[in-house]
Amino acid sequence: MSLSTFARTSKLWSTPSLSSARQYSTEPVALHNLRPAPRSQHSQKRLGRGQGSGHGGTSTRGHKGQKARSGNGKPKAGFEGGQTPITRRFPKRGFTNPTAREFAPINLDRLQHWIDAGRLTSSAEKPITARELLLSGCIHNVKDGVKLLGDGAEQLKSPVFLELSRASKSAISAIEGKGGKVLCKYYNDLALKDLVQGRTDRQEALPVRKTDILWYAKKSNRGYLAPGMSPQATSDAPVSA
């Protein structure tokens with residue numbers, strides 16, 4: 001290797017000097033010296049301004065085709081080029097019931113545990129509602145209402161007065177066997193919200209669906225529309241089925 005070739009090679013692998021390194025300003029940042037970083041800004045790419053600009057004619061889109069059309073040049077989501085998309089190739093099963101309601105469950109053993117801990121109290125004049133269950137932490141979400149279930153009936157030992165959306169037959173039997181009372185009352189979304197918030201300035205809603213009217217009109221369900229089952233009658237003796 002000649003001396004000149006060795007000198008050129010050594011320059012390629014040599015460490016850059018401090019003078020060639022990027023220089024940063026040590027001046028304090030102020031409003032008068034704020035500026036964009038070097039090479040951070042670029043001129044806008046102006047299209048369709050003649051052949052002399054280099055971006056004229058087809059405006060860098062090429063000749064015809066899907067990506068040369070006006071607009072964003074992209075098909076709608078799920079389009080697969082004309083073949084049957086996957087959302088149509090898969091079969092569908094079942095349906096979503098638009099009138100379905102989901103109730104928050106509460107069992108008798110949990111209810112008795114909350115009463116023993118002093119977190120819930122009830123009387124004929126002030127029964128336990130979804131508001132008390134939610135504020136005490138017995139349930140965490142009222143959903144479309146609260147339904148009383150009969151699990152843990154052997155642990156129930158206190159007379160309990162409740163005013164909920166639904167109650168099972170076994171739960172009603174256990175509550176009334178201990179001298180308590182269950183009243184099932186209809187709540188729509190707004191009425192349930194007012195109940196949880198403690199509002200009493202609005203008139204309560206009545207059921208409008210035939211299935212709800214028939215359900216809350218039965219004494220066996222302890223519905224509040226049944227004869228003798230109004231909210232004012234909670235202090236009366238248990239109603240026989």
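Below, each value reflects all heavy atoms present in this structure, side chains not excepted, and no hydrogens, waters or symmetry copies. Numbers here simply count residues along the sequence, with the first being 1.
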Step-by-step salt bridge (charged side-chain N to carboxylate O under 4.0 Å, His left out) determination, Arg101 to Asp212: CA-CA 12 Å; Arg101 283 178 291 176; Asp212 290 334; 2.6 Å; yes
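Note: Asp144 CG to Arg166 CZ = 10.5 Å, rounded to the nearest 0.5 Å. Note: Ile115 CD1 to Ser122 OG = 5.5 Å, rounded to the nearest 0.5 Å. If you take CG on Leu120 and SG on Cys138, they are separated by 5.5 Å, rounding to the nearest 0.5 Å.
Judged purely by atom type and a 3.5 angstrom limit, Ser53 uses its side chain to pair as donor or acceptor with the backbone of Gly50. Gln112 contributes a side-chain N or O that, together with a main-chain N or O of Lys157, makes up a donor-acceptor pair within less than 3.5 Å. Between the Glu176 side chain and the Ser173 main chain, no donor and acceptor come within less than 3.5 Å of each other. Counting only distance, with no hydrogens or angles, the side chain of Asn188 and the backbone of Ala191 share a donor-acceptor pair below 3.5 Å. Side-chain atoms of Arg49 do not come within 3.5 Å of backbone N or O of His55 as any donor-acceptor pair. No donor-acceptor pair closer than 3.5 Å links the side chain of Arg222 to the backbone N or O of Leu183. Under the 3.5 Å distance criterion, the side-chain polar atoms of Asn141 are matched with a main-chain donor or acceptor of Lys143. With Trp215 contributing its side chain and Asn221 its backbone, the two residues share no donor-acceptor pair below 3.5 Å.
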